[in-house]
Amino acid sequence: MTKPLNPETLAVRAGSQHTPFGENSEAMFLTSSFVFENAAQAAARFGGQEPGNIYSRFTNPSVTMFEDKLAALEGAERCVATSSGMSAILACVMGLCSAGDHVVASRSIFGTTVQLFGNILKRWGLEVTFVSLTNPDEWQAAIKPNTKLFFVETPSNPLTEVCDIALLADIAHKAGVLLAVDNCFCTPALQKPLELGADIIIHSATKYIDGQGRCLGGAVLGKKDVLEPVFGFLRTAGPTMSAFNAWVFLKGLETLFVRMEAHSKNALALAEWLQQQPQIARVYYPGLKSHPQYALAKRQQKTGGGIVSFDLKGGKDAAWKLIDSTQLLSITANLGDAKSTITHPATTTHSRITAEERVAAGISDGLVRIAVGLEHVDDIKADLLRGLK
Ligand SMILES: *Cc1c(COP(=O)(O)O)cnc(C)c1O
């Protein structure tokens, strides 16, 4: 038996099977439909007796190569790509839950995910309970006979709280519930939720998978039988990934490991420096010894990742002043880009949730989030120092 390839090698090599002309760089298959040799083949493809492409809302070779590469990296049987991270979450719920089902979700999740669960899906009869990411007892207590899904993000956005995936998977499985983990912040380069017992992984490929802030995309990963209804929803409802975006993400994944290492190295150096600044009350970064789940993060993740948040003593005014005084950092809510970005969560990503929900999630008015990019860390520090002073 040959030795399995290392993850860094899989990121470069896995999934690149659709190369009809021997191309070394994977092709972008920009076609909406595929031609059959005859009527019988068309019937066999539609009937599922013969594998192969039919229409790009169902499958497309560029998208398949992206799905296979990401599946290899996450150690998943199956990956289905979506038009965005939000449509990945939507497809997961639409595929696996029905009206009357109950979902338990962490309070510390992406602001738009809170809205999707709490406002939109609620109107369609989904029951949702929000609990503390870091308190397993609350998850246990929230389980009802109709509970279908646990939904977490770890580390969370923007406070980088970390939950014990293996422990939550255990609680979920004892009750016949599936655990979905949004692995956007870590990517498979730093964390492997399926190996820890999770059933489903969600990705916003828009972030670190792209790595350069170009395209929107997402993915759902897991076992074949779990993913089948998710794929069924996607091919029918249509929020699938475009061939162009899949091609960009394929190229992005090739450099995922080196980028995540560089993002993490910069983020740790910046977090340690921020901790020493007198204007800052608290720094949130899983790679800091002062982080409440430092030991768990060290065990569960390869590094702390690229997101650092901090509370300014001066509240919202100080936060806005700091943001407005930057000259290098991009004032934008995106993350996972080579360019460092700076955000005020309370008035942007988390502005649509109520003030009470924000307080419950620990998002203060003085909170600033930095998605640390690949610039030299000294230049990032210098850009922030101006505003801190
Ligand atoms: C951005 C993000 C999403 C949503 O992804 P889109 O691609 O913007 O739709 C979901 N979860 C997390 C953690 C995110 O950061």
Side-chain angles (χ1 to χ4, degrees), residues 63 66 70 74 79-94 103 105-118 120-121 130 133 149-163 165 180-191 193 198 200-221 234 237-242 244-246 248-249 252-253 260 263 267 284 286 301 305-309 330 332-337 341-343 345 348-353 361 363 369-373:
V63 178
F66 164 73
L70 188 57
E74 288 285 16
C79 169
V80 289
T82 60
S83 59
S84 68
M86 289 318 301
S87 58
I89 298 169
L90 179 69
C92 172
V93 177
M94 294 301 253
V103 173
S106 157
R107 234 174 249 127
S108 319
I109 46 178
F110 190 60
T112 316
T113 313
V114 176
Q115 275 189 72
L116 178 69
F117 281 132
I120 295 173
L121 291 172
F130 291 104
L133 176 67
L149 193 68
F150 277 7
F151 190 95
V152 299
E153 213 179 293
T154 180
S156 70
N157 180 23
L159 293 178
T160 74
E161 294 169 285
V162 175
C163 78
I165 295 174
V181 177
D182 184 333
N183 203 24
C184 174
F185 272 33
C186 273
T187 82
L190 306 184
Q191 174 171 273
I200 298 151
I201 293 175
I202 301 283
H203 271 293
S204 167
T206 316
K207 314 293 167 55
Y208 289 107
I209 290 177
D210 178 316
Q212 293 179 53
R214 294 160 293 193
C215 290
L216 283 166
V220 189
L221 300 102
L234 280 168
T240 43
M241 182 179 281
S242 78
F244 178 85
N245 290 12
V248 170
F249 297 139
L253 281 177
M260 290 314 288
H263 280 293
Y284 306 87
Q301 308 172 196
I307 309 294
V308 179
S309 294
S330 308
T332 171
N334 195 30
L335 61 97
D337 198 315
T341 67
I342 188 163
T343 317
T348 60
T349 54
H350 290 67
S351 64
R352 287 188 175 206
I353 62 172
I363 295 159
R369 187 195 77 190
I370 295 182
V372 185

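Whatever order the structure lists them in is the order used to number ligands and atoms, beginning at 1. Counting begins at 1 with the first residue of the sequence.
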Q: Go through the structure and list residues passing ring pair (Phe, Tyr, Trp, His ring centres under 6.0 Å) with Phe151, not counting sequence neighbours.
A: Phe117

Q: Could you tell me which residues satisfy ring pair (Phe, Tyr, Trp, His ring centres under 6.0 Å) with Phe185, sequence neighbours excluded, listed by chain and number?
A: none

Q | Nearest atoms (heavy-atom pairs only) where Val114 meets Phe130 | A | O-CZ, 4.0 Å

Q. If you look at every heavy atom in Cys92 and Leu149, which pair is closest and at what distance?
A. SG-CD2, 4.3 Å

Q: Name all residues meeting the side-chain contact (heavy atoms from CB on, under 4.5 Å) criterion together with Thr154; count only those two or more places apart in sequence or in a different chain, and write none if there are none.
A: Val162, Cys163, Ile165, Val181, Gln191, Gln300

Q: Apply side chain to side chain contact (heavy atoms under 4.5 Å, CB included) to the pair Leu133 and Glu153, showing each step before the final yes or no.
A: CA-CA 8 Å; Leu133 176 67; Glu153 213 179 293; 5.9 Å; no

Could you go through ligand 1 and note, for every N or O atom, any protein N or O atom closer than 3.5 angstrom, writing the atom names and distance to 0.1 Å, or 'none'?
| from | atom 1 | to | atom 2 | distance (Å) |
| --- | --- | --- | --- | --- |
| ligand 1 | 5 (O) | Ser204 | OG | 3.0 |
| ligand 1 | 7 (O) | Gly85 | N | 2.8 |
| ligand 1 | 7 (O) | Ser204 | OG | 2.9 |
| ligand 1 | 7 (O) | Thr206 | OG1 | 2.6 |
| ligand 1 | 9 (O) | Gly85 | N | 3.0 |
| ligand 1 | 9 (O) | Met86 | N | 2.9 |
| ligand 1 | 11 (N) | Asp182 | OD2 | 2.6 |
| ligand 1 | 15 (O) | Lys207 | NZ | 2.7 |

